[in-house]
Amino acid sequence: MQDTEPHLKKFQKELSAGTVSLVLLAVLARSDEPLYGYQIAKRLEQTGDPLLGGKQSALYPVLRNLSAAGLAESHVEPSISGPPRRYYRITTLGRQALSEWTGSWRTTRDSVDSVLEGNLR
């Protein structure tokens, strides 16, 4: 019997690449204050999802990309307990994108679920 684990890892990586931005925007949108990377990672860990939890370093490039695209903004503040921290907040454009991406995600999820459950017409 052939080992499918490498295929699963590749699938999970590809799936993750398309959803992390959506999830990060959602976390930022649900916060009343700016969050730094560790806080965001902790909130994601609370979901118990292995796809997102425990990979704090993987969040920073996505956060930088969201900022570069104008979907989030960031600022640096000194920290008394270590190096300065970069805080992120969702922008108005980010909220619009989150709304659109959420609709697209739900449509895609529903379509995939329909096929997986055998509800083909």
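All figures in this text were calculated on a predicted structure; none of them were measured in a lab. By convention here, the first residue in the shown sequence is residue 1.
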Report task. Return yes if some donor-acceptor pair links the side-chain N/O of Thr91 with the main-chain N/O of Gly94 below 3.5 Å, else return no. Result -> yes
Query raised in the report: Hey, what do you get for CG (Asn65) to CG (Leu24), rounding to the nearest 0.5 Å?
Result: 10.5 Å
Query raised in the report: What heavy-atom pair brings Leu59 and Gly37 nearest, and what distance separates the two atoms?
Result: CD1-O, 4.4 Å
Report task. Kindly check if the number of other-residue, nucleotide or ligand heavy atoms within 6.0 Å of OH (Tyr60) is above 12? Result -> yes
Query raised in the report: Between CG of Leu71 and OG1 of Thr92, what distance do you get to the nearest 0.5 Å?
Result: 11.0 Å
Query raised in the report: Is the backbone of Trp105 close enough, under 3.5 Å, to the side chain of Arg109 for a donor and an acceptor to pair up by distance?
Result: no
Query raised in the report: Do side-chain atoms of Ser111 reach the backbone of Thr107 as a donor and acceptor pair under 3.5 angstrom?
Result: yes
Query raised in the report: Where the side chain of Ser74 meets the backbone of Tyr88, is there a donor-acceptor pair that is under 3.5 Å apart?
Result: no
Query raised in the report: Got Ser31 and Arg43 here, is their nearest side-chain heavy-atom distance under 4.5 Å?
Result: yes
Report task. Report the C-alpha distance between Lys42 and Tyr38 in whole Å, list the side-chain angles of each, state the deciding distance to 0.1 Å, and finish with yes or no for side chain to side chain contact (heavy atoms under 4.5 Å, CB included). Result -> CA-CA 6 Å; Lys42 282 298 178 192; Tyr38 181 75; 2.8 Å; yes
Query raised in the report: Just how far is it from atom CD1 of Ile90 to atom CG of Leu35, taken to the nearest 0.5 Å?
Result: 11.0 Å
Query raised in the report: Roughly how far, to the nearest 0.5 Å, is the CG atom of Leu28 from the CG atom of Leu63?
Result: 6.5 Å
Query raised in the report: Is the side chain of Thr19 donor-acceptor paired with the backbone N or O of Leu15 at a distance under 3.5 Å, no angle test?
Result: yes
Report summary line: Rounded to the nearest 0.5 angstrom, the CD-CZ distance for Glu77 and Arg85 is 9.5 Å
Query raised in the report: Partners of Tyr87 by ring pair (Phe, Tyr, Trp, His ring centres under 6.0 Å), sequence neighbours excluded?
Result: Tyr36, His75
Query raised in the report: How close do Ala58 and Pro61 get, heavy atom to heavy atom, and via which atoms?
Result: O-CD, 3.4 Å
Query raised in the report: In the single-linkage hydrophobic clustering (I, L, V, M, F, W, Y; side-chain heavy atoms under 4.5 Å), do Leu93 and Val62 co-cluster?
Result: yes
Requested in this report: Calculate, to the nearest 0.5 Å, the distance between atoms CZ and CG belonging to Arg95 and Leu25 respectively.
Outcome: 9.5 Å
